[in-house]
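The structure appears right after this line, and notes come after that.
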There are 2 protein chains.
Amino acid sequence: MDKSYSVLNQLLVDIFNDILLIEQNALKSGELSDLSITEVHAIEAIGKATERTMGEVAQDLKVTMGTLTIMVDKLVRKGYAERFRSEEDRRVVFVRLTKKGELVYKLHERFHHEMIRSIIDGLSEEEEKILISSLEKLKEFFRKKYDLILRKE
Amino acid sequence: MDKSYSVLNQLLVDIFNDILLIEQNALKSGELSDLSITEVHAIEAIGKATERTMGEVAQDLKVTMGTLTIMVDKLVRKGYAERFRSEEDRRVVFVRLTKKGELVYKLHERFHHEMIRSIIDGLSEEEEKILISSLEKLKEFFRKKYDLILRKE
DNA sequence: ATAAAAATATTTGATTATCAAAATAAAGGA
DNA sequence: TCCTTTATTTTGATAATCAAATATTTTTAT
């Protein structure tokens, strides 16, 4: 019991830290060395749909619009995104990825794909179910315990 | 297969984001509102042993010593840690938690305990094994794929 | 034994990410 | 038209961080 506890705890901590480190560094070395982690996150958030308003993206990223303005400024300057005003409501500004930006989005998607593949491959269907239900429990724990913080509304 | 992929991917993404958000916010509201996330991480890194050198802690946290100096300055100012020079080798500076700092460390430990409990409770021994081996696979994936980045020392 | 090199930490100067509050601009009533 | 709300950007301030320069002490090589 107590053994399981510490093994599981250490695994979760290690994996979490690994992901943080990988995100921080995977860029620097590679072809996309002019992007920071936050910029990649922004690209991810923009990329989900074909075009989104600044407000929507800011909410997704949980940053203020002021912060997002600066982020998008940089992405535009570097050629990963473009902005244009809505014709119907000239207050709103849309942002969307350029080809170059979409490339980054797809690269990131591929990373996820590989990651999940590496887990799933080698698990039986039974084992797969157990893994999923365990992770659901973990998620449930967070939702219950930190409802106020996590509530998206 | 493809269903599993997206379920698993979403679970992992959600959990990762939950943890980030909880860490960022759990403090603000609570009793420890004068601590930032990075400061709590520093407390964690210091707290593992009873006393550690600045260099060791910086390496653990993967920040430069310049950064750590400033972090520890603040922790000392706020009463969570204390510094003293080694007598054997007067170049090295030790840092260690005060009672107040240890309290934070223990609070964080308790959080982990609860989290793991919430997963383990309700799993059979068989299921526990599967969960652990799946997570080990995930960790292995990262280690293999990002060896250079993740390699410590 | 002394001078040069290495190790440990701090200081300094700069950059990046971020927020809150003020400013700008457009839309939608009364 | 004038006021209010909505959407965004600008401004000013603060945190975290790094790399390079500096200071102190220890180790090494001659």
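Since we're looking at a predicted model, the values are computed, not measured. Heavy-atom basis, side chains included; hydrogens, waters and symmetry copies ignored.
If you find the closest nucleotide of DNA chain C to A:V63 and to A:E87, the one lying nearer the 5' end belongs to A:V63.
The residue A:E88 sits close only to the backbone: its heavy atoms come under 4.0 Å of sugar-phosphate atoms, none of a base. Counting non-hydrogen atoms under 4.0 angstrom, A:T67 reaches a base of the nucleic acid. Among the protein residues, B:M65 comes within range of the nucleic acid bases, having at least one heavy atom under 4.0 Å from a base atom. Residue contacts shown for B:E56 are absent, as no nucleic acid heavy atom lies under 4.0 Å away. Contact annotation for A:I70: base contact, defined as any heavy-atom pair under 4.0 Å involving a base atom.
Applying the salt bridge (charged side-chain N to carboxylate O under 4.0 Å, His left out) test to B:E88 and every residue at least two apart in sequence or in another chain returns nothing. For A:H108, the ring pair (Phe, Tyr, Trp, His ring centres under 6.0 Å) test picks out A:H112, with sequence neighbours left out. For A:K137, there are no salt bridge (charged side-chain N to carboxylate O under 4.0 Å, His left out) partners, not counting sequence neighbours. With sequence neighbours excluded, the residues forming a salt bridge (charged side-chain N to carboxylate O under 4.0 Å, His left out) with B:K74 are B:E39, listed by chain and number. For A:R96, the salt bridge (charged side-chain N to carboxylate O under 4.0 Å, His left out) criterion is met by A:E51, A:E82, not counting sequence neighbours.
C:dA14 shows a glycosidic angle more than 90° from 0 and is accordingly assigned anti.
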Can you give me the N/O atom pairs linking the protein to nucleotides 21-26 of chain C at distances under 3.5 Å, or say none if there are none?
none

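Ring orientation note: the planes of B:F111 and A:F141 are tilted relative to one another, at an angle of 30° to 60°.
More than 12 non-hydrogen atoms from other residues, nucleotides or ligands lie less than 6.0 angstrom from NZ of A:K78.
With C:dT11, C:dT16, C:dC19 as the candidates, the nucleotide lying closest to the side chain of A:T64 is C:dC19.
The partner of D:dA15, taking Watson-Crick or G-U wobble pairs whose two distances both stay under 3.5 Å, does not exist in any strand shown. Pairing of C:dT16, defined by two Watson-Crick or G-U wobble distances under 3.5 Å, is not identified with any nucleotide.
Residues B:I130 make up the rest of the hydrophobic cluster containing A:I130, defined by ILVMFWY side-chain heavy atoms closer than 4.5 Å, directly or through other members. Under a 4.5 Å side-chain heavy-atom cut-off, the cluster of Ile, Leu, Val, Met, Phe, Trp and Tyr residues that includes A:F94 is completed by A:F84, A:V92.
A straight line from CG of B:L20 to C1' of C:dA17 spans 15 Å, rounded to a whole angstrom.
From the 5' end on, the contacts that DNA chain D makes with chain B at under 4.0 Å to a non-hydrogen atom open and close at D:dA15 to D:dT26.
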